[in-house]
Amino acid sequence: MKTYDANDIRNVLLVGHGGAGKTALLEAMLHTSGALTRMGKVEDGNTVSDFEPEEVKKQISVSLAMAPVEWNGVKVNVLDAPGYADFIGDLRSAVRAVDAVILVVSAVDGVEVQTEVAWELAVEAGLPRAILVNKLDRERSSFERTLNELVRSFGTQVAPLELPIGEEHEFRGVADLLARKAYTYDGGVRASEGEWPDDVASRADPFREKLMEAVAESDDALIEKYLEQGELDEKEIVRGVKEGFASARIAPVLCGAATKPIGVDRLLQFIADEFPSPAERTSITVRTKSGEEKERPAEANQPLTAFVFKTVSDPYVGHITMFRVFSGRVRPDSSVYNATKATEERVGQLFALRGKEHDSLAEVPAGDIGAVAKLNHTTTGDTFSTKDDPVQLSPLELPEPLLAFAIVPKTKGDEDKLSTALARLREEDPTFRVERSDETHETVMFGMGEAHLDVMSERMKRKFGVEVVTSPAKIAYRETIRTAGKGLGRHVKQTGGHGQYAVCNIEVEPRPRGEGFEFVDKIFGGAIPNQFIASVEKGIVKTMQQGVISGNPMVDIRCTLVDGKFHPVDSSDMAFQIAGSFALKEAIDHTGVVLLEPIVEVEVVVPDPYTGDIMGDLNSKRAKIAGMESAGGGKQRVKALVPQAEVARYSIDLRSMTGGRGAFAMHFSHYEEVPAHLAEKIIAEAQKDREETQKR
Ligand SMILES: Nc1nc2c(ncn2[C@@H]2O[C@H](COP(=O)(O)OP(=O)(O)OP(=O)(O)O)[C@@H](O)[C@H]2O)c(=O)[nH]1
Ligand SMILES: [Mg+2]
């Protein structure tokens, strides 16, 4: 593919709720531009951008994909983000790679939760936003209803530029509200221009009014004129839309049906004419090694600054790294300096990605997006720079993955393969996390939701050949005691051969929470020789680690060794370890054991109307509500301390309570006693588990 000048590049991200038609739109753009002779279909699994087997199977995008669309001398780098909430990591990083977004909205379903989420992300990033009302060919679609929803959700900046001609299966083109022309499609991908049909002229006024209102409100000079005269002239509207869109104060609305395709050639032309080129970004903010912020001109003859917005690992090709260049240029067979990892990377061939296909590039200059294979250290969110002037772009802000599943390989012996797979997947997806728990002895993976972890498991099988079994992660309970007690440990076997002899008396007592284990030696007169005192301690510690009744480690106790007996020949390290263990178990028989559970601090942010439900639900989860405050933007922040066991699946619960409008964070706070009736159940289950493992 030829090298385009920054003035002739547009970097555009398609966003919106799952199923709105983003992937279909990219397919239609490629077809309309002539790059694809036939359009694939999401339901047939043959689109350019949903090429991953997991996407083909689920018929939704689960991963960011991209393709360049060449249109009238302009290269539009189109990024297709998944709409499903679990894959928000890709959406958030893609926002950093583009200069504008297109919000795709289904004319059947209107504004949905992820439509709002994507809009807010684009607003936060200060990116210009255009809206495509899609699926206008579908039954029960309505442009007017959808537009009203858009205005209600995003305000008067929503500015319709077009009206549909024909409804549902009769949808055949669009009416341009500015040019007052009709653009209809008779089976072809390009519109033929004609006059407005009569019915459009009679319907157009209220829409033109909305358009003028949006333009007027975006510009102080125009609003006065509009208020006085109730009208703006053609030129003012055209200029107003252009300037308002570029400065993100107007969101122009276009009409279409991606799968037909209708309106797609006009959308491409609109992108070429009105979308900001990367050359319009005059500078970018970078941070030096010492943390100092500075501006760097966004030009190709400057030192390199590029942002890695996605990496994909492939067991055959190695890593593929996708990056957006903000200043300077990347050339093939060169090296770049990864300032985030403080290491140099060798760059081989450069290419543009078209779905899974590679199209080689002679260079990637400022403003363009490119990809490179086989880098060794680079992961998503890194900055490429130069070694003599290493700077970084601001880091990605991603939500913490909080749904935890324990994971084991289906086949014994696949443990190494599994750990390689987990490490690779972790590198490509910063919203995926893996931990090995020393307490529960589980490998635990954390993701954004069930679909995310499901996709991860499937990738492990497909890419790394390891099938896995997942289960809810165990809660790291602990055992302790509440009262003091005594125990005698006797391990004596002296029949035939080499005997065993060890006796010890211990006293146990509780210690304050978090203070751990203490061993006190009060042996007088050599009742137990020194080396065996250490053995007693070892035996006790081992037993504590395994837990006495529930398989969870015992903590916060003091054991005092007060007396004992030994035999000059039959005593041994092992015998005293066993005696120590027996002594602890006997003491615990007297004191009883209490279970401790981890308490987490939870912070939930939800729109006002949901606070009642959220509080009610938290109360039913044994939470102590710590407070509630306004989080701005019609949202409330609720803080609470909750047993971790109750919120292990909160990612799923919160989504179903709020339809996906809520967000939450949680971190470990401290341990507390489990109420007796729950403790009994947990202990009974642990004992059942233990019996079952012993049977196997
Ligand atoms: N009739 C009709 N169907 C459409 C149109 N656009 C998309 N579809 C269909 O709607 C379904 C969802 O489209 P996608 O392109 O996968 O939607 P998406 O926005 O990429 O969805 P996610 O990847 O899950 O976020 C598919 O079955 C498409 O064929 C359209 O304009 N008209
Ligand atoms: Mg998609």
Side-chain angles (χ1 to χ4, degrees), residues 12-32 36 38-67 78-92 94-95 101-119 121 131-143 146 162 164-174 185 189 254-267 355-356 448-449 451-452 454-455 660:
V12 181
L13 173 64
L14 307 182
V15 301
H17 198 85
K22 301 176 288 296
T23 300
L25 177 61
L26 175 50
E27 194 75 7
M29 286 172 156
L30 287 165
H31 178 59
T32 303
L36 280 183
R38 274 195 56 193
M39 270 204 292
K41 283 195 189 136
V42 172
E43 45 279 40
D44 293 345
N46 58 356
T47 58
V48 168
S49 106
D50 278 0
F51 60 85
E52 257 201 292
E54 290 74 37
E55 297 179 316
V56 172
K57 186 171 151 198
K58 290 183 193 299
Q59 295 187 16
I60 63 167
S61 307
V62 303
S63 172
L64 181 76
M66 63 174 296
V78 183
L79 276 62
D80 172 19
Y84 197 72
D86 276 22
F87 308 105
I88 190 149
D90 269 10
L91 170 61
R92 279 182 176 257
V95 162
V101 307
I102 296 176
L103 186 71
V104 182
V105 182
S106 153
V108 181
D109 304 302
V111 174
E112 298 169 271
V113 176
Q114 293 307 313
T115 321
E116 291 171 359
V117 169
W119 174 273
L121 282 178
I131 300 171
L132 179 74
V133 175
N134 188 36
K135 297 194 178 179
L136 281 162
D137 62 320
R138 282 269 298 265
E139 256 177 61
R140 287 189 296 281
S141 64
S142 162
F143 178 70
T146 308
E162 297 175 344
I165 299 176
E167 282 183 357
E168 302 185 339
H169 65 276
E170 285 178 357
F171 176 53
R172 60 184 188 283
V174 300
Y185 299 76
V189 295
L254 288 96
C255 298
T259 44
K260 282 274 186 192
I262 290 179
V264 177
D265 59 336
R266 287 179 52 82
L267 176 64
K356 61 177 176 226
M448 300 305 300
H452 185 204
D454 194 32
V455 165

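Below, each value reflects all heavy atoms present in this structure, side chains not excepted, and no hydrogens, waters or symmetry copies. Nothing fancy with the numbering, it's 1 onward along the sequence. Counting convention: from 1, in listed order, for ligands and their atoms alike.
Looking at atom 3 (N) of ligand 1, its nearest protein heavy atom turns out to be Thr259 OG1, 3.4 Å. Here the protein heavy atom with the shortest distance to atom 23 (O) of ligand 1 is Ser61 OG, 2.7 Å. Here the protein heavy atom with the shortest distance to atom 21 (O) of ligand 1 is Gly19 N, 2.7 Å. Closest to atom 31 (O) of ligand 1, if we only count protein heavy atoms, is Ala258 N, 2.9 Å. Closest to atom 15 (O) of ligand 1, if we only count protein heavy atoms, is Ala24 N, 2.8 Å. For atom 13 (O) of ligand 1, the closest non-hydrogen atom of the protein is Gly21 CA, 3.7 Å. In this structure, the protein non-hydrogen atom closest to atom 6 (N) of ligand 1 is Asn134 ND2, 3.1 Å.
Judged by distance alone, the side chain of Asp50 and the main-chain N or O of Val42 form no donor-acceptor pair under 3.5 Å. No donor-acceptor pair under 3.5 Å is formed between the side chain of Asp80 and the backbone N or O of Ser49. No donor-acceptor pair closer than 3.5 Å links the side chain of Thr32 to the backbone N or O of Met29. Asn134 contributes a side-chain N or O that, together with a main-chain N or O of Ala20, makes up a donor-acceptor pair within less than 3.5 Å. The backbone N or O of Lys41 sits less than 3.5 Å from a side-chain atom of Asn46, completing a donor-acceptor pair. A donor-acceptor distance shorter than 3.5 angstrom exists from the side chain of Tyr185 to the backbone of Gly263, with no hydrogens or angles considered. A donor-acceptor contact shorter than 3.5 Å links the side chain of Glu55 to the backbone of Val62. Side chain of Gln114 to main chain of Gly18: no donor-acceptor pair is present (N/O by atom type, distance under 3.5 Å, no hydrogens or angles).
Residues Leu103 and Ala118 share a closest heavy-atom pair of CD1-CB, 4.2 Å.
The closest approach between any non-hydrogen atom of Ala20 and ligand 1 is below 4.0 Å.
Each of His169, Glu168, Lys135 was scored for a side chain to side chain contact (heavy atoms under 4.5 Å, CB included) with Ser141, with one residue passing: Glu168.
Contact annotation: for Val42 versus ligand 1, heavy atoms closer than 4.0 Å belong to the side chain alone. By the criterion of a heavy-atom distance under 4.0 Å, both the backbone and the side chain of Lys135 are placed next to ligand 1. The backbone and the side chain of Lys22 each have at least one atom closer than 4.0 Å to an atom of ligand 1 (non-hydrogen atoms only).
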Starting from the C-alpha separation in whole Å, work towards a yes-or-no answer on side chain to side chain contact (heavy atoms under 4.5 Å, CB included) for Leu91 and Leu121. CA-CA 9 Å; Leu91 170 61; Leu121 282 178; 3.6 Å; yes
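Annotation for ligand 1: atoms under 4.0 Å from non-hydrogen atoms of Asp137 are 1 (N), 2 (C), 30 (C), 31 (O), 32 (N). Less than 4.0 angstrom separates some heavy atom of Gly83 from each of these atoms of ligand 1: 22 (P), 25 (O). Interface atoms of ligand 1 facing Ala257, defined by a heavy-atom separation under 4.0 Å, are 31 (O). Per-residue contacts place Glu43 under 4.0 angstrom from the following atoms of ligand 1 (heavy atoms of the residue considered): 26 (C), 27 (O), 28 (C), 29 (O).
The N/O atoms of Gly256, backbone and side chain alike, include none that comes under 3.5 Å of an N/O atom in ligand 1.
Side chains of Thr47 and Thr23: no donor on one and acceptor on the other come within 3.5 Å.
Contact annotation: the side chain of Glu52 never approaches that of Val455 to less than 4.5 Å [non-hydrogen atoms, C-beta and beyond].
Within a radius of less than 2.8 Å around the Mg ion (ligand 2), the protein N, O or S atoms are Thr23 OG1, Ser61 OG.
To the nearest 0.5 Å, atom CD1 of residue Ile102 and atom CG of residue Leu25 are 6.5 Å apart.
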